[in-house]
Protein chains: 2
Amino acid sequence: MYSNELVRGTLKTIILQLLGEKDKMYGYELSKLVRERTKDKIVLTEGALYPILHKLEKEKLVTTIQEVVGNRPRKYYMLTSNGKESAKEKRNELLEFVETLRSLMDPKPSLSCSF
Amino acid sequence: MYSNELVRGTLKTIILQLLGEKDKMYGYELSKLVRERTKDKIVLTEGALYPILHKLEKEKLVTTIQEVVGNRPRKYYMLTSNGKESAKEKRNELLEFVETLRSLMDPKPSLSCSF
DNA sequence: TACATATACCTAATGTTCTTATGTATAAGC
DNA sequence: GCTTATACATAAGAACATTAGGTATATGTA
């Protein structure tokens, strides 16, 4: 599992991206999906997950539908059209950022000249 | 420039990496180098930079030498052997993390079957 | 000469984000 | 009956970076 500080800041983008891949998803499902897709390397804890979802809802990037499945309440989250827009933007930003990081991590040997 | 939350958490790794590329570097130099190498897409502000450097020093990942250049004090930072070790580890972790992110951002279309 | 900009360091208050811990409740497996 | 899984939620606290402030020298320019 990656150190927390690394994951920090990427969770919102990850959630928006995953929500964009299905019609609707609920919190617990998102949490499991992230663990599954990253082989537990990224763990979306509940204390992080729910506040983010609530914030996205407040920002009107997602809407919700409550259902009861097998006697347990379930809250589905869906991207609004603004949310879809935002998901695309954040995805692009993340991919660009990742490229920038890779180029930074590509060691530039200090210029040396053998002449 | 990338949103702050994205950069958050990667700065320590970036600093260790850059320090590993030269014998010694001072804060202001690091700050300029990051801006230069990332074309201002990642900005290492002083309020972030100096606390990180001081923390690295406390953790004995770097040592310092103070010099006076042109009447201005300058504090050079150098990786210790622990620091070099840590720089490698953090670099690897970051590169792995970045790969995980990319695979997450690679949209998995919901399984549909045309039969 | 006065002023702005660049160099070079530093810290404190603040805000955001996430961790850790806790709480509630149902269902299923042993 | 106990543990684990499902499913939601919040609150205290830590960690990290932003913003804003402070000090001081050197350089370019109007």
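When reading the values below, keep in mind they use all heavy atoms of this one structure, side chains included, and skip hydrogens, waters and symmetry mates. Every chain is numbered from 1, with letters handed out A, B, ... down the list of sequences.
The nearest heavy atom of DNA chain C to B/V69 and to A/I52 marks one nucleotide each, and the one closer to the 5' end goes with B/V69. Checking A/A48 against A/R74, the closest nucleotide of DNA chain D that is more toward the 5' end is the one next to A/R74.
Counting any heavy atom pair closer than 4.0 Å across all strands shown, A/K75 reaches sugar-phosphate atoms only and no base atom.
Taking only side-chain nitrogens and oxygens, B/Y50 comes nearer than 4.0 Å to OP1 or OP2 of C/dC9. Contact between the side-chain N/O atoms of B/T45 and the OP1/OP2 oxygens of D/dT18 is found at a separation under 4.0 Å. Distances shown here put every side-chain N or O of B/H54 at or beyond 4.0 Å from the OP1 or OP2 atom of C/dC9. Neither OP1 nor OP2 of D/dA7 sits under 4.0 Å from any side-chain N or O of A/K32. Contact annotation: B/Y26 reaches the phosphate of C/dA8 (side-chain N/O to OP1 or OP2, under 4.0 Å).
Of the N and O atoms on the side chains of A/E57 and A/T64, at least one donor lies less than 3.5 Å from an acceptor on the other residue.
Summarising the geometry, the separation between CD on A/Q66 and P on D/dC8 is reported as 9 Å, rounded to the nearest angstrom. For the pair B/E46 CD and C/dT7 P, the interatomic distance rounds to 11 Å; values are reported in whole Å. B/Y28 has its OH atom 12 Å from the C1' atom of D/dA26, to the nearest Å. The separation between B/Y76 atom OH and C/dA8 atom C1' is 11 Å, rounded to whole Å. What separates CD of A/E57 from P of D/dC8 is a distance of 12 Å, to the nearest Å. The interatomic distance linking A/L44 (CG) with D/dT6 (P) rounds to 15 Å, in whole Å. One atom, CD1 of B/I65, and another, P of C/dA8, lie 17 Å apart when rounded to the nearest Å. Counting to the nearest Å, the C1' atom of C/dT17 and the CG atom of B/L6 are 13 Å from each other.
Checked for salt-bridge contact, B/K24 and B/E67 meet the test: a charged N lies under 4.0 Å from a carboxylate O. Using a 4.0 Å cut-off between charged side-chain N and carboxylate O, A/K41 and B/E93 make no salt bridge.
Atom CG of B/D23 has 12 or fewer neighbouring heavy atoms from other residues, nucleotides or ligands inside a 6.0 Å radius.
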Extract from the structure each pairing of a protein N or O with an N or O of nucleotides 25-29 of chain C at less than 3.5 Å, listing the distance.
residue : atom : partner : partner atom : Å
C/dT26  : O2   : A/R72   : NH1          : 3.1
C/dA27  : OP1  : A/G70   : O            : 3.3
C/dA27  : OP1  : A/N71   : ND2          : 2.8
C/dA27  : O4'  : A/R72   : NH1          : 2.9

Between protein and nucleic acid, restricted to nucleotides 11-15 of chain D and to nitrogen or oxygen atoms under 3.5 Å apart, what atom pairs and distances do you find?
residue : atom : partner : partner atom : Å
D/dA15  : N3   : A/R8    : NH2          : 3.4

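Annotation: cation-pi pair B/K75/B/Y26 absent, no NZ/CZ under 6.0 Å from the ring centroid and within 45° of its normal.
In this structure, the side chains of A/Y77 and A/L19 come closer than 4.5 Å at one or more pairs of heavy atoms. No side-chain heavy atom of B/Y76 sits under 4.5 Å from any side-chain heavy atom of B/M25.
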Under the salt bridge (Lys or Arg N to Asp or Glu O under 4.0 Å) criterion, do A/K22 and A/E29 qualify, and how do the steps go? CA-CA 11 Å; A/K22 290 195 183 183; A/E29 189 184 6; 3.5 Å; yes
Apply salt bridge (Lys or Arg N to Asp or Glu O under 4.0 Å) to A/E99 and A/R102, showing your working. CA-CA 5 Å; A/E99 274 316 299; A/R102 285 162 66 102; 3.6 Å; yes
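Put simply, the side chain of A/S31 never gets that close to the backbone of A/G27: no donor and acceptor are under 3.5 Å apart.
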